**Q** 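Below is a structure I'd like to ask you about.
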2 protein chains.
Amino acid sequence: MVAAFKALGHPTRLAILGWLKEPESFPPQDRPAAEVGVCLKHIQARAGVSQSTASQFMATLQRAGLVTCTRVGQWSHYRRDEDAIAALGQKVALNV
Amino acid sequence: MVAAFKALGHPTRLAILGWLKEPESFPPQDRPAAEVGVCLKHIQARAGVSQSTASQFMATLQRAGLVTCTRVGQWSHYRRDEDAIAALGQKVALNV
DNA sequence: GCACAACATCGATAAATCCCGATATTGCGA
DNA sequence: TCGCAATATCGGGATTTATCGATGTTGTGC
């Protein structure tokens, strides 16, 4: 739980999680984003950070359980874990 | 919002917020904790940190809007801001 | 006014985080 | 197999956070 809050306690990571609510707003890709998630390259481009930073941001969000990663060929696609996010919201409202 | 997550992204601060759900579980004080909040000294004692660290923890939680402070005489009492916490939970579940 | 108690703030050091470029890894196509 | 493209990981310098003791501030009681 602390890990999730740490992950959200960064403006860019918080923004990324918000962007992922509209996967279609990213440029098109081989496999549709609504299906497998958004390709790291597109996230990196929108965030305006280096490739390694983008990769680490997503790894942090993933370790926090807020996103999942689907690897297709050479692409890593990231998607919100809506269940985990909703559960976290519940915890904040009820158990924190 | 980022500030709130940063504040929660620390195990001790997160624990304190949880403790404040049961103000009665703290030692008795002049003014009842259920009314004005828990005295800083009691929070400090339970957290096992120095006085200055406890003070800064509560200041961080206060700046994040998660607790309110009621000063009575020489005592600072801290209380959860239930509305703000519930609103944050809503945001996590819906808007993040 | 004085001494003391509770709390806030300051100053400093140790630890963690941020963010990058460089390098390693893996998959794809020629 | 070779080279390239996408991603992950490594190593490090800059910045931020954590935490303390020391000091400042304010209220209380004598």
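Quick caveat: nothing in here was measured; it's all calculated off a predicted structure. Residue numbering restarts at 1 for every chain, and letters A, B, ... go by the order of the sequence lines.
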**Q** Given C/dC18, D/dT7, C/dC7, identify the nucleotide with an atom nearest to the side chain of B/Trp75.
**A**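 Nearest listed nucleotide: C/dC7.
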
**Q** Does a side-chain N or O from A/Ser55 land closer than 4.0 Å to OP1 or OP2 of D/dA8, or not?
**A**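 Affirmative; the distance criterion is met.
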
**Q** Is any side-chain N or O of A/Gln51 under 3.5 Å from a base N or O of D/dA8, one able to act as donor and the other as acceptor?
**A**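 Counting by modelled atom types and ignoring angles, a donor-acceptor contact under 3.5 Å is found here.
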
**Q** Just call it for B/Ser76: base, sugar-phosphate, or nothing, with non-hydrogen atoms closer than 4.0 Å on any strand.
**A**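 Sugar-phosphate contact only - B/Ser76 comes under 4.0 Å of backbone atoms but never of a base.
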
**Q** Would you tell me if any nitrogen or oxygen in the side chain of B/Arg71 comes within less than 4.0 Å of OP1 or OP2 on D/dG27?
**A**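 No, no such contact exists.
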
**Q** Do you reckon B/Phe5 sits in the same ILVMFWY cluster as B/Met58, going by side-chain contacts under 4.5 Å, direct or chained?
**A**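 Yes; B/Met58 is reachable from B/Phe5 via cluster members.
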
**Q** With heavy atoms under 4.0 Å as the rule, sort A/Ser52 into base, sugar-phosphate or nothing.
**A**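 Counting heavy atoms under 4.0 Å across all strands, the contact made by A/Ser52 includes a base.
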
**Q** Is any side-chain N or O of B/His77 closer than 4.0 Å to OP1 or OP2 of C/dC7?
**A**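 No.
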
**Q** Between A/Arg31 and A/Thr70, does the side chain to side chain donor-acceptor pair (under 3.5 Å) criterion hold? Intermediate values first, please.
**A** CA-CA 11 Å; A/Arg31 298 283 296 275; A/Thr70 326; over 6 Å; no

**Q** Please confirm whether the backbone N or O of A/Leu17 pairs with a side-chain atom of A/Arg80, one donor and one acceptor, at under 3.5 Å?
**A**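 Yes, A/Arg80 side chain to A/Leu17 backbone: donor-acceptor pair under 3.5 Å.
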
**Q** Does B/Ser50 get its side chain close enough to the base of D/dG21, under 3.5 Å, for a donor-acceptor pair?
**A**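 It does not, because no donor-acceptor pair links the side chain of B/Ser50 to the base of D/dG21 below 3.5 Å.
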
**Q** Under a single-linkage definition using a 4.5 Å side-chain heavy-atom cutoff for Ile, Leu, Val, Met, Phe, Trp and Tyr, are A/Val96 and B/Val38 assigned to the same hydrophobic cluster?
**A**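 Linked within one cluster.
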
**Q** If you find the nucleotide of DNA chain C closest to B/Thr53 and the one closest to A/Gly9, which residue's nucleotide is nearer the 5' end?
**A**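 By nearest-heavy-atom nucleotide position, the 5'-most residue is B/Thr53.
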
